[in-house]
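Residue numbering restarts at 1 for every chain, and letters A, B, ... go by the order of the sequence lines.
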Amino acid sequence: MKALERGPDERMAIEAAQRDPLRFAELYEQNFDRVYAFIARRAAGREEAQDLTAEVFHQALASLERFKWQGAPFIAWLYGIATNVLAAHWHKLGRDPEQLSEDWEQGGTDEIERRAMLAELVESLLPDQRTVIVRRFVEQRSIREVAEELGRSEGAVKQLQLRALENLRDKMGRRT
Amino acid sequence: VNRQEMADEFDSQVEMLLRPRDSARTASDPLLKLGAELRMLPNPEFRSRLKDQLVEDWISNRPDAGSRNTHPLKGAKGGATSGVAEQRECIEGAQALAGIALLTGKRSGLFPADHRSFLVSFASHAALIALIASGIFVVRNTALKPASLTSELTYPLSGKGGGGSGDRSVIQATRGTPPKFSDQQLSPPAIVVRNPEPKLAVDTHVLGPPDIKLPQSNHIGDLISSNVVMPSNGTGAQGAAGDGLGLGLGSGKGPGVGPGSNGGSGGAPFRPTDRITAPRAIYDPQPEYSEEARKVKHQGVVVLALVVDPQGQARNIRVARSLGMGLDEKAIEAVKTWRFAPGMKDGMPVAVQVNVEVYFRLY
């Protein structure tokens, strides 16, 4: 699986964010999909995944000044925080946090990369196709609701849906 | 017809995939497998909301946010004040001086001395001298004046046109300059480019007469947005940039620029005239004095150019005349908290451009 392309200037982005935390936005945009995918794989549902992802980024921003560049990608540091957040959450629920490391070793990275890539590719779709995918699969709205929002017939929306998924499949194929 | 039948058939399978009782079933078709994975993606609104939340939390929790509350000048309004520590020092100083026999009249013999009155008078004078010496006797006046400066941050008053859109971010579109006007819009403007590698790259334009000239820069954005930090396409919903509707840039509706509608450029803030009343400050806490300026007794006036929006809030604050030494920032910080009775035109509140003069004086 080919990893998502990373900017060559990640170190500069980190140092800029350490000087001015408002610049953290760039790091957030670069890493959000992976962190969310990492969390979502282990969360019970979307709401829980979103809460835990928010916690990871809050902790990351709060401790950013302590981050020291050692050549490892920034996402590795974020995964470390995410693991701690998940472990604390599992501990509260009475689950065994040891499963986290086992899960990680069982090919979890490929799945995270795939989901992060999928999220990125959805963003690259044409606006109407992106809207159909988000409304239909993420928000799970009916074809009728999507058709009303876009001002198109239900048949046209179904075709958009099919075309969007075909595009995603092709793009995923080219990336992997 | 075949394509439509395929789409219908595929959608019926998607429907089954999305049913709660069937959501755990494994899809064998590659496209349906992809659909199953898409169900797990985050809501795009969550992504942008979290980004805004991070910034807000950081701003409210940063170290200097707390120290402002304990600043010795906190609570000063239009006159002299001092913190508890300064008051205590002054009183102690006055008590020490009060022990001098001559000043208490004990040896004068000419006039009977009222010791209590004398001590009160002496202590208050000593306190006043101490305050003046320490440079914290501050008078800060503010004045609201009609704008005399032409701001490059406003849209030209060239008509009622406008436009805007966005991608449902919860923050305003990033400040910047719009792309050029064109009679034909092939591609709408975007601040955050969602598709960095389009198959057919086309220059973005806003729809309007090409002879309309607006400031240009490398940063596409909304000229009058207050958001200067976070990359955002704005709160609109049609995939261009801005907080309105349509494929333009700004808070309006249509493919143009600014708060108006139907292309072109419009909606610039008004300036006070006979028919347009100027805004009036109704809540105007005074600014603090910067430590740096207080130490060297730096005084003067900061002029801020700003737009009072129809809701009575100061927008697009910029320094028209700087005083330096941290006083510009203090003036902006205070004026951001001000509330105004908005300017009125034909009985309706409108955005009005004004200048605010903030005086910093030490006595």
Side-chain angles (χ1 to χ4, degrees), chain A residues 20-26 28-29 32-33 36-37 39-41 43 45-46 49-50 53-54 57-58 60-62 111 114-115 118-119 122-128 130-131 133-134 136-143 149 154-166 168-169 172-173, chain B residues 3-12 14-15 17-20 23 29-55 57-59 61-62 167-168 188 190 192-198 228-232 237-240 247:
Chain A
D20 176 8
L22 291 176
R23 300 281 299 275
F24 186 67
E26 192 180 331
Y28 172 87
E29 290 291 353
F32 175 87
D33 290 328
Y36 183 86
I39 296 279
R41 193 166 181 270
R46 181 177 287 118
Q50 292 185 353
T53 303
F57 279 106
H58 277 290
L61 182 56
E111 192 183 327
R114 182 181 164 81
R115 284 195 184 174
L118 186 59
V122 168
E123 290 298 308
S124 72
L125 288 174
L126 293 169
D128 275 358
R130 188 171 68 234
T131 301
I133 291 295
V134 170
R136 194 83 176 104
F137 292 95
V138 179
E139 298 175 4
Q140 303 194 356
R141 295 203 200 162
S142 69
I143 284 286
E149 181 184 337
E154 292 185 25
V157 172
K158 285 177 185 173
Q159 288 212 35
L160 266 177
Q161 175 179 259
L162 180 59
R163 202 171 307 131
L165 278 162
E166 286 170 345
L168 282 174
R169 180 195 57 196
M172 290 286 281
Chain B
R3 182 76 183 165
Q4 187 62 59
E5 283 173 359
M6 273 176 68
D8 290 344
E9 170 59 24
F10 180 71
D11 185 61
S12 62
V14 169
E15 277 295 331
L17 185 75
L18 297 178
R19 276 186 211 154
S23 60
D29 181 89
L31 285 185
L32 282 175
K33 267 187 183 173
L34 211 49
E37 286 180 88
L38 288 167
R39 289 179 313 182
M40 298 304 294
L41 293 185
N43 195 315
E45 283 179 17
F46 163 72
R47 183 182 180 137
S48 56
R49 198 171 56 238
L50 175 59
K51 188 165 72 170
D52 299 341
Q53 202 182 14
L54 286 165
V55 173
D57 286 358
W58 181 81
I59 288 172
N61 293 330
R62 64 183 170 180
D167 58 4
R168 295 174 186 271
V192 181
V193 179
R194 301 292 183 197
N195 181 11
E197 294 172 5
V228 293
V229 180
M230 301 293 287
S232 166
Q238 284 182 268
L247 295 175

Would you check if there is a donor-acceptor pair between the side chains of B/D11 and A/Q161 at a distance under 3.5 Å? yes
Contacting region of B/P42 [heavy-atom separation from chain A under 4.5 Å]: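 Looking at B/P42, backbone and side chain both touch chain A.
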Check whether [X] gets within reach of chain B through its side chain, its backbone, both or neither, counting any heavy atom under 4.5 Å.
| X | answer |
| --- | --- |
| A/V157 | neither |
| A/E26 | neither |
| A/L61 | side chain |
| A/R46 | side chain |
| A/L165 | both |
| A/A49 | neither |
| A/E139 | side chain |

Heavy-atom donor-acceptor pair, B/R39 side chain to A/Q140 backbone, under 3.5 Å: no
Is it the case that the side chain of A/Y28 and the backbone of B/L50 share a donor-acceptor pair, with hydrogens and angles ignored and the cut-off at 3.5 Å? no
If the threshold is 4.0 Å, N to carboxylate O, is there a salt bridge linking A/E166 and B/R3?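 Salt bridge flag = yes for B/R3 with A/E166.
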Are B/E15 and A/R136 within salt-bridge range, i.e. N to O under 4.0 Å?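 Counted as a salt bridge, because a side-chain N and a carboxylate O are separated by less than 4.0 Å.
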With rounding to the nearest 0.5 Å, note down the distance linking CD in B/Q53 to CZ in A/F57.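 Reported to 0.5 Å precision, the distance equals 12.5 Å.
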Out of curiosity, A/R169 CZ to B/L34 CG, how far, rounded to the nearest 0.5 Å?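 Reported value, rounded in 0.5 Å steps: 9.0 Å.
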Are any of the side-chain heavy atoms of [X] and [Y] separated by less than 4.5 Å?
| X | Y | result |
| --- | --- | --- |
| B/R47 | A/E29 | yes |
| B/L41 | A/V122 | yes |
| B/L31 | A/L162 | yes |

Only pairs of heavy atoms separated by less than 4.5 Å count here; which of A/E154, A/M172, A/H58, A/R115 has the most with chain B? A/H58
Those residues that, when tested against A/Q159, pass side-chain hydrogen bond (donor to acceptor under 3.5 Å, both in side chains) (two or more places apart): B/Q4
